[in-house]
Colleague: 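Once you've had a glance at the structure underneath, I'll fire off some questions.
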Amino acid sequence: MSTSAMAEQQALIRTMAERWEQVARKFAELAEQIPEDKFEWTPMAGLRTCGAVVRHVAFWNLYVGSSLRGVEADDSANELSVLDYPTREKALDALTESAEAVGAALRQPEAELTPRTLDLVAAFAEHTSEHYGQLTVYARTMGVVPPASRG
């Protein structure tokens, strides 16, 4: 690969990492606004609780991070266990750490932006954004204004 092609590849990887981090940060900032006494609340039966949404996103962040490092990841659970992450604090820590692991994997010197990598990161950034919308509705139902909506 030529020097200019390598530089372009690195610029694309940096852009993907920055976009991932932006989406993850926005989701985490909103999740942090959910009061502890409402963390396992849901607006109606049959929907995930706020905490379950956070644990779900953290689970898939771990999946993406493992995949980017070439580690085969188990996708069967679909959510971190409430038994392993029983508190708001533990769930939020898992969310932050798992999102940071993806950013770190993307920023590794040996990281390559292949079609598979691009698809994986883009799909799960979109996934996090979809759950951001869900958590926004939950938050507004509780009277919490999302940080991104504050002036």
Side-chain angles (χ1 to χ4, degrees), residues 1-34 39 42-43 46-85 87-141 144-151:
M1 186 181 297
S2 72
T3 303
S4 64
M6 286 174 48
E8 187 172 308
Q9 171 97 350
Q10 289 305 308
L12 290 171
I13 291 170
R14 236 183 352 270
T15 299
M16 286 302 298
E18 289 167 2
R19 185 57 52 107
W20 175 272
E21 290 161 349
Q22 177 186 40
V23 167
R25 186 172 37 257
K26 188 175 176 182
F27 184 87
E29 287 171 357
L30 175 57
E32 289 168 0
Q33 297 300 303
I34 304 298
F39 201 66
T42 183
L47 298 179
R48 283 186 173 108
T49 66
C50 299
V53 172
V54 170
R55 288 186 299 273
H56 172 74
V57 170
F59 174 87
W60 288 105
N61 289 350
L62 289 171
Y63 175 86
V64 173
S66 293
S67 297
L68 290 174
R69 290 188 315 278
V71 175
E72 189 166 332
D74 179 12
D75 64 356
S76 62
N78 198 38
E79 181 178 302
L80 296 177
S81 167
V82 69
L83 297 174
D84 294 331
Y85 300 89
T87 66
R88 177 181 172 274
E89 181 181 356
K90 286 186 184 229
L92 292 174
D93 287 348
L95 177 70
T96 301
E97 290 168 13
S98 63
E100 288 173 353
V102 173
L106 284 168
R107 293 179 185 281
Q108 290 298 311
E110 65 276 1
E112 287 186 60
L113 193 61
T114 65
R116 179 189 170 282
T117 303
L118 178 62
D119 184 54
L120 181 71
V121 175
F124 281 97
E126 180 180 345
H127 174 258
T128 299
S129 296
E130 290 167 351
H131 286 295
Y132 174 84
Q134 178 185 16
L135 208 57
T136 295
V137 172
Y138 286 20
R140 289 206 179 261
T141 301
V144 174
V145 177
S149 297
R150 299 173 191 162

Colleague: Should the pair His131 and His56 be assigned to parallel (<30°), tilted (30 to 60°) or perpendicular (>60°) ring geometry?
Modeller: perpendicular
Colleague: Is it true that Arg88 and Glu32 make a salt bridge, defined as a side-chain N closer than 4.0 Å to a carboxylate O?
Modeller: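 Salt bridge between Arg88 and Glu32, a charged N being under 4.0 Å from a carboxylate O: no.
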Colleague: Would you list the pairs meeting salt bridge (charged side-chain N to carboxylate O under 4.0 Å, His left out) in which at least one residue belongs to residues 57-78, sequence neighbours left out?
Modeller: none
Colleague: Val54 versus Leu80: any side-chain heavy-atom pair under 4.5 Å?
Modeller: no
Colleague: Which atom names give the shortest non-hydrogen contact between Ser76 and Phe59, and what distance separates them?
Modeller: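 Minimum heavy-atom contact is N-CZ, 4.4 Å.
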Colleague: Under the criterion side chain to side chain contact (heavy atoms under 4.5 Å, CB included), I'd like the reasoning laid out for Tyr132 against Val23: C-alpha separation, chi angles, the key distance, then a yes or no.
Modeller: CA-CA 9 Å; Tyr132 174 84; Val23 167; over 6 Å; no
Colleague: Quiz question: by atom type and distance under 3.5 Å, do the side chains of Ser81 and Arg55 form a donor-acceptor pair?
Modeller: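 The criterion, which ignores hydrogens and geometry beyond distance, is not satisfied for Arg55 and Ser81.
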Colleague: Which heavy atom of Ala94 sits nearest to which heavy atom of Tyr85, and what is that distance?
Modeller: CB-CE2, 3.6 Å
Colleague: For Thr128 and Ala24, indicate whether the former's side chain and the latter's backbone hold a donor-acceptor pair under 3.5 Å.
Modeller: no
Colleague: Tell me if a side-chain donor or acceptor on Ser149 pairs with a main-chain N or O of Val145 at a distance below 3.5 Å.
Modeller: no
Colleague: Roughly how far apart are Trp20 CH2 and Thr15 OG1, rounded to 0.5 Å?
Modeller: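 Atom-to-atom, Trp20:CH2 and Thr15:OG1 are 16.0 Å apart.
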Colleague: Do the side chain of Ser98 and the main chain of Leu95 share a donor and acceptor less than 3.5 angstrom apart?
Modeller: yes
Colleague: Tell me, which pairs form a salt bridge (charged side-chain N to carboxylate O under 4.0 Å, His left out) where one or both residues lie in residues 5-28, sequence neighbours left out?
Modeller: Glu21-Arg107
Colleague: Would you call Gln33 and Pro146 a side-chain contact if the rule is heavy atoms closer than 4.5 Å?
Modeller: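 Of all side-chain heavy-atom pairs linking Pro146 with Gln33, none is under 4.5 Å.
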Colleague: Step by step, work out the side chain to side chain contact (heavy atoms under 4.5 Å, CB included) result for Val57 and Asn61.
Modeller: CA-CA 6 Å; Val57 170; Asn61 289 350; 4.0 Å; yes
Colleague: What pair of heavy atoms forms the shortest contact from Ser67 to Arg116, and how long is it?
Modeller: CB-NH2, 3.7 Å
Colleague: Where do Tyr138 and Leu135 land on the side chain to side chain contact (heavy atoms under 4.5 Å, CB included) test, with the steps shown first?
Modeller: CA-CA 5 Å; Tyr138 286 20; Leu135 208 57; 4.3 Å; yes
Colleague: Okay, side chain of Arg48, backbone of Thr42: is any donor-acceptor separation there less than 3.5 Å?
Modeller: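 Side chain of Arg48 to backbone of Thr42, a donor-acceptor pair under 3.5 Å: no, none is there.
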Colleague: Show the numbers, then the answer: is there a side chain to side chain contact (heavy atoms under 4.5 Å, CB included) between Tyr63 and Leu120?
Modeller: CA-CA 10 Å; Tyr63 175 86; Leu120 181 71; 4.1 Å; yes
Colleague: Looking at CD1 of Ile13 and OG1 of Thr117, how far apart are the two atoms once the value is rounded to the nearest 0.5 Å?
Modeller: 8.0 Å
Colleague: Specify the closest pair of heavy atoms between Phe39 and Ala91, including all atoms of both residues, with the distance to one decimal.
Modeller: CE2-CB, 3.8 Å
Colleague: Any side-chain heavy atom of Arg140 within less than 4.5 Å of one from Thr136?
Modeller: yes
Colleague: Quick one about His127 and Glu130 (side-chain donor to acceptor, distance below 3.5 Å, no hydrogens or angles considered), yes or no?
Modeller: no
Colleague: Does a sphere of radius 6.0 Å around CD in Glu112 hold more than 12 heavy atoms from other residues, nucleotides or ligands, not counting ones at 6.0 Å or beyond?
Modeller: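 It does not: Glu112 CD has 12 such atoms or fewer within range.
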